[in-house]
Each structure stands twice: as structure tokens, then as C-alpha cells.
Amino acid sequence: MLESARMAIDSTYLDYAASTPVDPRVLQAMLPFFNERFGNPSSVHRFGQVAEAALEDSRERIAEAFRCRPSEVIFTSGGTESDNLAVRGAARAERKRRKAGHILTTPVEHPAVLNACRHLADLDDFELELLPVDSYGRVTPDAVRAALRHDTALVSVVYANNEIGSVNPIAEIAAVCRAAEVPFHTDAVQAAAHFPIDVAALGIDLLSIGAHKIYGPKGIGALICRTGVELIPVQRGGSQESDRRAGTVNVPLVVGLAHAVTVSGQRRHEEASRLRTLRDRLIDGVLGIPGATLTGHPDDRLPNHASFVLEGIDGNRLLAALDLAGFACSSGSACKSGNPEPSTVLLAIGIPPDLALGSLRVTLGRPTSDDEVDRFISAAPSIVRALRAHAAALP
Ligand SMILES: *Cc1c(COP(=O)(O)O)cnc(C)c1O
């Protein structure tokens, strides 16, 4: 076995927006499908039938949770692929159908959406327009209404922001798009862990989810695509997933995704309110540090999500110092630390570049205890003070 696989990690994990551990119930449900029940769901024989039954049962579980039809669930390799399939698939289908070549999204999207849109603009001559966001990184329905054109092919707005936690008014934005008959996509990879999402009631045409942000395995996700919304597939091959996503479906991971969705739905309300209380205690604690500011909306944010900028602090040094002290946090941006560029999300909400370099994201999860939050709050101020003293002592 690899040394790294045996090593216990002696640190407090406070980075649940980056990834979550697989829930033991999810792991148990997946295990038989790696070996005993390994068949290809497309095969005619009994091995295939067993795999296919698991695949369709998983599809039904997900459809039930998101209040859609099983035929509207497309399995993908994760949040990134779901976003790419939604953006590329719907934009290209709308161009083919009615020559629409205009894409509306926001400057605060996850790179999976933003870079897929940029790629379409660079290589396929789509026109990309970024919607204005407020100082919390939220989009208003009026901004969407004002920017929609007769040739808009797709609107994509993140449900809840991974970096700053703010939640968008998704139902209202979806209603504006529906009235204009333009497909509406939302990236709900973060939101799905915390909010019940009824795609029909919310009026969402395309919704991306990923398992490893909701206590499921990495490398699996789904795109929910409302009946009647056309998609041109991104990868070609076999006719799996009703011709919308070629390739043998990863049955064990699909079973894991479906169980992660089911488990997330249980006690969701109690868990969200527990996390909200802990989050607010953590926010109050960090805001006691001089020169600390909350980023994102104070109330309309993910229940587990706290994010800040700190004056006179290099965010990467802060993460390293916190890690040494036994706390695993993040700067919030998807990029690895070591990238000295300020986050484009923070710049988009009007934070000056040097302040944006001092960003910190602390995200809580199911295993997070009161004690872990208390220990973080008592350790953080002196770590920040030491870093500032060190920076001031430099020539
Ligand atoms: C993590 C994340 C993604 C990417 O999902 P993967 O499954 O890691 O590819 C996309 N969007 C948001 C908002 C995320 O937090």
C-alpha cells in the first residue's frame, strides 16, 4: 500500500466546499458493484441486467430528490462535465435550431462554466456577455431581463457560489428566462448539499450536481435536463444515457451518487440549522480580528460557508500557517495555492487586488464539531497577528 494511503492526517478539516468524505452508508452501497455486480448495464445477460437495475434505481432516486423525471437525469463524470455538457450542449443546440449565438453568464461562475463559455466564444464564434453582479456576487432577475436578446442561446447562473457562498434568486431568474424561451442552466454543485431543490417548481431547465461535494465519491455527477430542452452531446460514441452522454456508465459511482443524494435529503433541515449556527459563530470570531471583512452575503449564503479577506495578509502564507497549526482551510479560489493572481470572483465584487490576495475560506461539514470551530476561533487571531508582524519586519 502507498505510504500516503496509510498515513493518518492529524489536522482539522475545514474545507468541505473543496471536497467531502464519502459517507459510510454511501460506501457500503457502492462496494458490491465494483466486483460481485460488475456487469456492463448495456449487456443483455443477467450480469448486465443487475447493473442496469442498479443504474435505473439510482436514476429514480435522483429524480425523486430533484422532482424531475428519471429520463431527465444524465450521468456524467462530475460537476465539471455536467457544466460543460449543459453549456456546450444547449448553446450549440440553440444555434442549430434558431441561429442563437449569444451566451449570458456571470463573472463569478466556477471555471467549469466560465471556461466552457469562453471556449465557445474563442473557437465557435459565440458572443459571451457577463451579467453584472452586486457586491455580494449576486445577479438580479432585472439584470438578466435587461441583457436577454432574441438571439440569446443560454443563460447560466451559479446557484450558490463556491468561493463566497452567496445564493442567487434562482426561481426569479429562471422565470425571466422561461418567459423569453431561453434555456436556463444553474450550477448547483455547492447548493445541492444544503438546499432541497425542486427543479420543476424552480423552473430550472438544466441543473449540474457532483457527488464529492455531497459526501459521495469523486468522478461522478449528473446533469438534469428538462424534457424538451435540446442538447448536442459533447462526446460521441455509444448510445448510453439516451444518446446524450456516450461511454459505459460507472455503475458503482452512480450508486454512490444516488445514495449520497438520498442521505443528504435526510435531516437536511436540522443539519443546515446546526451548520448555520456554527458558521455564524465562526464568522463573528474571525470578524473580531482587526482588518477582517466578510465576503459574500451575510445571510443569503450557504449554511456551511464562511469567507473573508484580511488586510495586510498573503492568503497563501495564511493557509500554510493554518495548516501548520492543524487547520485545513482554503483561499476559496479553485486554483491551487501558489498562484499569486487575485481571485477573479473577488475582483468582480469590487475588492481591490491587494486585499483580494488576503482571502480565506472556511467551510464546515457533517463531521464538524462545536469544539473544532472554537479551537479555530481561538487560534486564528494570533496566527494572523504573527504573519503581520513577520511581514512588517521584512526589509
Ligand atoms: C466543485 C465544483 C464544480 C466542479 O465539480 P467537480 O465534480 O469537482 O468536477 C463545479 N461547480 C462548483 C460550484 C463547484 O463547487
Side-chain angles (χ1 to χ4, degrees), residues 13-22 26 62 73-89 105-119 133 136-139 156-168 170 173 185-195 197 204 206-224 234-235 245 247 249-250 253-254 256-258 260-261 264 295-297 301-307 329-336 343-346 348-349 359 361-365:
Y13 188 78
L14 294 170
D15 198 11
Y16 291 88
S19 199
T20 56
V22 175
V26 172
I62 292 168
V73 177
I74 307 168
F75 292 113
T76 68
S77 64
T80 298
E81 190 191 332
S82 295
D83 285 343
N84 271 269
L85 180 55
V87 168
R88 293 170 196 275
T105 188
T106 82
V108 298
E109 295 302 305
H110 188 276
V113 167
L114 206 47
N115 288 336
C117 290
R118 289 203 183 110
H119 203 222
V133 292
Y136 301 125
R138 295 184 308 172
V139 179
S156 183
V157 175
V158 68
Y159 200 126
N161 192 284
N162 49 299
E163 247 184 270
I164 55 175
S166 297
V167 178
N168 273 307
I170 291 300
I173 294 170
H185 168 248
T186 187
D187 173 341
V189 175
Q190 292 289 335
H194 307 284
F195 305 125
I197 300 176
I204 295 164
L206 297 147
L207 179 113
S208 300
I209 59 167
H212 78 100
K213 307 283 175 74
I214 60 169
Y215 304 89
K218 292 169 184 64
I220 187 75
L223 176 66
I224 294 173
V234 171
Q235 66 188 30
R245 200 276 190 176
V249 178
N250 193 327
L253 298 196
V254 161
L257 170 65
V261 165
S264 280
T295 54
H297 199 276
R301 65 184 302 133
L302 289 164
N304 70 326
H305 193 293
S307 55
C329 304
S330 162
S331 61
S333 90
C335 305
K336 281 289 250 188
S343 142
T344 53
V345 170
L346 297 179
I349 60 170
S359 65
R361 180 182 75 182
V362 188
T363 47
L364 316 179

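In each ligand, atom 1 is the first atom listed, and ligand 1 is the first ligand listed.
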Min side-chain heavy-atom separation [X]-[Y] under 4.5 Å:
X: Asn304; Y: His194; value: yes
X: Val113; Y: His185; value: yes
X: Gln190; Y: Leu302; value: yes
X: Glu163; Y: Val108; value: no

Checklist entry - Partners of Tyr136 by ring-ring contact (aromatic ring centres under 6.0 Å, His included), sequence neighbours excluded? => result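 Here the qualifying residues are His297.
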Next on the checklist: For Thr295 and Ser307, which I'm curious about, is there any donor-acceptor pair between the side chains at under 3.5 Å?
Outcome noted: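 Yes, because at least one side-chain N or O of Thr295 sits under 3.5 Å from a partner of the opposite role on Ser307.
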Please give the N or O to N or O pairs under 3.5 Å between ligand 1 and the protein, distances rounded to 0.1 Å.
unit_1: ligand 1; atom_1: 7 (O); unit_2: Gly79; atom_2: N; d: 2.8
unit_1: ligand 1; atom_1: 8 (O); unit_2: His212; atom_2: NE2; d: 2.8
unit_1: ligand 1; atom_1: 9 (O); unit_2: Thr80; atom_2: N; d: 2.9
unit_1: ligand 1; atom_1: 9 (O); unit_2: Thr80; atom_2: OG1; d: 2.6
unit_1: ligand 1; atom_1: 11 (N); unit_2: Asp187; atom_2: OD1; d: 3.3
unit_1: ligand 1; atom_1: 11 (N); unit_2: Asp187; atom_2: OD2; d: 2.6
unit_1: ligand 1; atom_1: 15 (O); unit_2: Gln190; atom_2: NE2; d: 2.7
unit_1: ligand 1; atom_1: 15 (O); unit_2: Lys213; atom_2: NZ; d: 2.8

